[in-house]
Number of protein chains: 2
Amino acid sequence: MNHRDRVRHRAPAETGGPPTRTVTLDDIARLVGVSRATVSNAYNRPDQLSTALRDRILGAARDLGYPGPDPAARSLRRGVAASVGVVLTETLSYAFSDSAAIAFLHGLTRRLEAHGLSVLLIPASPRRDAAAVRDAIVDGFVVYSMPDDDQHVSAIRRRNLPTVFVDQPRQSGSPFVGVDNLPAAREAARHLVDLGHRRLGVVSFPCRSDGHRGLADEDRQASPTRAVTRDRLAGYRAAAEAAGIAWIDVPVEERLRSDAAEGFDAGIALLTRPDPPTGILAMSDHLALGVIDAADHLGLDVPGDVSVVGFDDIPRAARWDPPLTTVQQPLTERGEVAGDLLLEALQHPGSEAPTRVLPTALVLRGSTALARTSDRR
Amino acid sequence: MNHRDRVRHRAPAETGGPPTRTVTLDDIARLVGVSRATVSNAYNRPDQLSTALRDRILGAARDLGYPGPDPAARSLRRGVAASVGVVLTETLSYAFSDSAAIAFLHGLTRRLEAHGLSVLLIPASPRRDAAAVRDAIVDGFVVYSMPDDDQHVSAIRRRNLPTVFVDQPRQSGSPFVGVDNLPAAREAARHLVDLGHRRLGVVSFPCRSDGHRGLADEDRQASPTRAVTRDRLAGYRAAAEAAGIAWIDVPVEERLRSDAAEGFDAGIALLTRPDPPTGILAMSDHLALGVIDAADHLGLDVPGDVSVVGFDDIPRAARWDPPLTTVQQPLTERGEVAGDLLLEALQHPGSEAPTRVLPTALVLRGSTALARTSDRR
DNA sequence: CATTCAGTCTAAATCGTTCCAGATGGGTAC
DNA sequence: GTACCCATCTGGAACGATTTAGACTGAATG
């Protein structure tokens with residue numbers, strides 16, 4: 001705080017004004033004896049001034065310790081941020097423990113960095129207000145699987161910037177990329193039914209963001225706030241009912257996060273029921289792998305005693321013991337497509353908002369098998 | 001003069017001036033008939049005006065589709081960005097394929113999001129210029145294992161913002177967090193030597209950013225640009241020479257990235273030499289796992305025919321077949337500490353710059369064993 | 001000799017806010 | 001009636017840059 005007016009010419013901030021920079025364009029201009037415009041040009045348009053003068057300016061800037069043109073001021077004036085905001089389900093750090101989210105970010109950044117765009121990861125946990133979204137200095141947004149009623153999403157809508165929605169209901173006029181969750185989940189469930197399983201169980205994402213952990217009653221199942229949850233649940237149910245299984249008899253264990261620990265917990269809960277399921281549908285591979293661990297822990301064989309189906313096909317799924325039967329979706333590609341769509345929207349603001357639905361495929365591996373004859377009823 | 005000024009009062013952009021916002025604070029102020037300051041207060045200091053007026057203002061804003069105060073302008077005026085820039089080795093997308101980087105980001109974001117800070121991931125591949133760094137609207141930086149001579153790093157230095165350096169030489173006055181790579185690597189190599197291995201091989205990170213892939217000659221080994229590479233190499237060497245092994249006889253295979261494919265490639269190269277090593281030191285677990293695959297591919301047994309030691313102790317290492325002997329370092333904690341240090345530096349700009357050296361530990365698992373008696377010389 | 005021109009450089013307007021230092025005006029205290 | 005106060009609201013000066021239009025050279029052109 002002491003040698004600040006080594007450079008500063010105006011009066012020192014007296015009444016605690018806004019935090020001031022130590023050196024500005026103005027200071028350089030004054031020192032060299034040229035106009036601000038020329039200093040600006042020295043940085044941004046080297047062809048607009050003689051090399052001699054430019055060197056003199058840049059030299060003076062170095063001497064004064066000038067940090068270069070202030071990015072905020074530049075962004076304000078130019079109207080461009082050169083960055084893209086990303087908002088993900090749950091907390092920010094959670095994204096780095098979820099393979100699916102990581103793969104998505106991998107694809108997304110691959111596309112965006114090719115255009116020199118930075119990626120702003122915005123904290124958007126349900127408990128925080130939307131200040132971070134309002135203050136995000138970005139040219140556009142990517143919204144990844146957020147609850148429908150989330151305040152961050154509505155704050156983003158209000159920002160009125162190009163926005164790509166991933167795996168959630170598309171908003172009018174905004175590009176969308178995702179998979180068709182309902183039929184994909186239905187196929188997974190039908191697979192179990194076809195193998196003769198009649199007693200099913202589900203490990204689900206949260207239906208609401210109220211921190212509930214345990215069985216989801218009819219009421220909760222009625223309207224999950226995230227589209228992914230809603231659609232997969234509906235898919236499971238459709239296949240079950242098509243096979244004549246009463247949905248009310250299918251326990252749905254709701255868990256807060258998508259990780260193996262939660263999956264384990266849910267697996268224990270399901271498999272220690274009086275009449276335990278012989279086929280379990282998990283909404284993610286992380287959860288499914290936890291369920292397999294739980295079966296293991298209880299001395300049950302997978303797939304001998306219980307079959308397990310996941311969702312996502314993360315790399316680890318194929319290497320697990322037993323290898324996981326799961327619904328494959330193009331995780332990285334989703335990110336790439338999201339990047340492409342956003343770049344397109346940034347370049348042609350008024351254009352049509354495309355919808356890209358990516359394919360899924362049920363991958364049969366070792367975690368599912370025919371139900372025991374005795375269980376088929 | 002009709003209602004066309006419902007939104008914009010100035011003339012439509014004629015000569016392609018700066019991109020203008022559709023609606024500004026000014027427009028709301030004019031419409032409601034109050035001053036700009038009052039509209040600003042409606043957003044930022046609700047206690048400074050009557051609820052009635054505030055509602056009227058917010059209502060008008062909604063009617064006009066006002067996106068809220070412009071973040072760039074706000075940031076300029078306030079002097080705060082509410083975000084932190086992160087620069088990582090290699091491309092941005094690469095970070096999402098490297099468990100160590102992911103764990104780091106996990107820890108970092110966990111700390112930063114608790115304070116409502118966003119994280120700006122800045123593309124800093126060696127091939128790009130430092131524009132993204134110069135334009136980054138942030139309050140501080142985190143620099144993660146970058147080459148010493150990197151232009152992005154010098155651009156960050158010039159920005160003169162609080163900066164935390166991770167796993168690379170600390171810059172004067174800046175906080176640092178990392179591990180002591182030299183002794184850690186030395187311990188890893190000594191472990192092999194103690195097991196009787198005399199013919200060693202190394203799989204290394206790049207010594208320079210020139211895209212070289214293959215054996216690193218003496219010259220290249222002399223001064224790797226990244227501290228991590230430098231220190232680990234020196235550690236391996238120290239242990240080898242202490243055991244009387246001539247370093248010139250130890251093949252160092254340099255690879256571009258830290259992943260299993262590169263490790264596999266390097267493993268093949270080492271193990272198909274005329275006099276193949278019986279003990280291999282890899283600078284990361286990703287590389288080490290690739291080496292194990294390579295041995296497998298060649299019909300060699302690990303650890304029977306060749307011992308392998310990794311570095312990092314990523315989650316997968318313990319679950320591999322055979323489980324990997326490796327140098328454990330606190331991956332997530334490094335991120336957390338980096339976050340803490342940066343938060344501290346942001347809150348107390350002038351304060352002492354702390355150095356935090358985290359502990360490492362050699363974890364003995366199944367990928368290393370006694371050298372065959374015939375190999376011990 | 002007048003004209004054009006390219007190369008440099010400058011002045012002033014602007015980007016969209018926030019915040020400080022009052023102004024206003026009605027109510028309460030004495 | 002005067003003094004004081006509190007709650008509201010306003011004016012205008014920042015914040016630190018970019019950009020457009022034009023001024024000033026000296027040289028080249030016709």
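Just so it is clear: chains get the letters A, B, ... in the order the sequence lines come, proteins before strands, and each one is counted from 1.
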Student: Can you list every pair that meets ring-ring contact (aromatic ring centres under 6.0 Å, His included) and has a residue in residues 116-147 of chain B, with sequence neighbours left out?
Tutor: Phe104(B)-Tyr144(B)
Student: Check salt bridge (charged side-chain N to carboxylate O under 4.0 Å, His left out) between Arg110(A) and all other residues, then give those that pass, not counting sequence neighbours.
Tutor: Glu336(A)
Student: Just grab all the salt bridge (charged side-chain N to carboxylate O under 4.0 Å, His left out) pairs involving residues 52-61 of chain B, residues at least two apart or on different chains.
Tutor: none
Student: Give me the one residue out of Val32(B), Ile57(B), Leu25(B) that meets side chain to side chain contact (heavy atoms under 4.5 Å, CB included) with Thr38(B).
Tutor: Ile57(B)
Student: Do any side-chain nitrogens or oxygens of Tyr66(A) fall under 4.0 Å of OP1 or OP2 in dG16(D)?
Tutor: no
Student: Ignoring hydrogens and angles, tell me if any N or O in the side chain of Glu113(A) forms a donor-acceptor pair with the backbone of Leu92(B) under 3.5 Å.
Tutor: yes
Student: Using the side chain to side chain contact (heavy atoms under 4.5 Å, CB included) rule, pick out the option among Ile122(B), Leu120(B), Val119(B) that qualifies with Leu120(A).
Tutor: Leu120(B)
Student: Between Ser50(A) and dG7(C), is there a contact of a side-chain N or O with OP1 or OP2 at under 4.0 Å?
Tutor: no
Student: Between Arg159(B) and Ala136(B) (side chain of the first, backbone of the second, donor and acceptor by atom type, cut-off under 3.5 Å), is there such a pair?
Tutor: yes
Student: Which one, dT8(C), dC9(D), dT18(D), comes nearest to the side chain of Arg74(A)?
Tutor: dT18(D)
Student: Might you list the N or O atoms of the protein lying below 3.5 Å from N or O atoms in nucleotides 22-27 of chain D, with each pair's distance?
Tutor:
none

Student: If you check the Arg78(B) side chain, which of dC19(C), dT18(D), dG16(C) turns out closest?
Tutor: dC19(C)
Student: Counting distance alone, no hydrogens or angles: does the base of dA14(D) have a donor or acceptor under 3.5 Å from a partner atom on the side chain of Arg77(B)?
Tutor: yes
Student: Between Asp340(A) and Arg356(A), does at least one N-O distance fall below 4.0 Å, as a salt bridge requires?
Tutor: no
Student: Output the rounded distance in Å from CG (Asp26(A)) to C1' (dA17(D)).
Tutor: 10 Å
Student: Estimate the overall bend of the helix from dC1(C)-dG30(D) to dC30(C)-dG1(D) from the end axes over five pairs each, rounded to 10 degrees.
Tutor: 40°
Student: How long is the line joining CZ of Arg54(B) and P of dA7(D), in whole Å?
Tutor: 17 Å
Student: What is the distance, rounded to the nearest whole Å, between atom CG of Asn44(A) and atom C1' of dT19(D)?
Tutor: 11 Å
Student: Rounded to whole angstrom units, what separation is found between the CZ atom of Arg30(B) and the C1' atom of dC9(D)?
Tutor: 18 Å
Student: I'd like to know if the side chain of Asp139(B) and the backbone of Ala82(B) have a donor-acceptor N/O pair within less than 3.5 Å.
Tutor: yes
Student: Do any of residues 33-41 of chain A sit with a heavy atom less than 4.0 Å from DNA chain D, and if so which?
Tutor: Arg36(A), Ala37(A), Ser40(A)
Student: Over how many whole Å does the gap from Leu49(A) atom CG to dA6(C) atom P extend?
Tutor: 19 Å
Student: About how many Å separate CG of Asp135(B) and OG of Ser75(A), when rounded to the nearest 0.5 Å?
Tutor: 8.5 Å
Student: What is the distance, rounded to the nearest whole Å, between atom CG of Leu53(B) and atom P of dT24(C)?
Tutor: 19 Å
Student: Under 4.0 Å: is that the gap between some side-chain N or O of Arg45(A) and OP1 or OP2 of dT19(D)?
Tutor: yes
Student: So, does Ser83(B) use its side chain to make a donor-acceptor pair with the main chain of Ile137(B) at under 3.5 Å?
Tutor: yes
Student: Give a yes or no answer on whether the side chain of Gln168(A) reaches the backbone of Gly178(A) with a donor-acceptor pair at less than 3.5 Å.
Tutor: no
Student: What is the separation between atom CG on Asp70(B) and atom P on dC15(D), rounded to the nearest whole Å?
Tutor: 19 Å
Student: Atom CG of Leu25(A) to atom P of dC9(C): distance rounded to whole Å?
Tutor: 16 Å
Student: Establish, with yes or no, whether the OP1 or OP2 oxygen of dC19(C) is under 4.0 angstrom from a side-chain nitrogen or oxygen of Tyr43(B).
Tutor: no
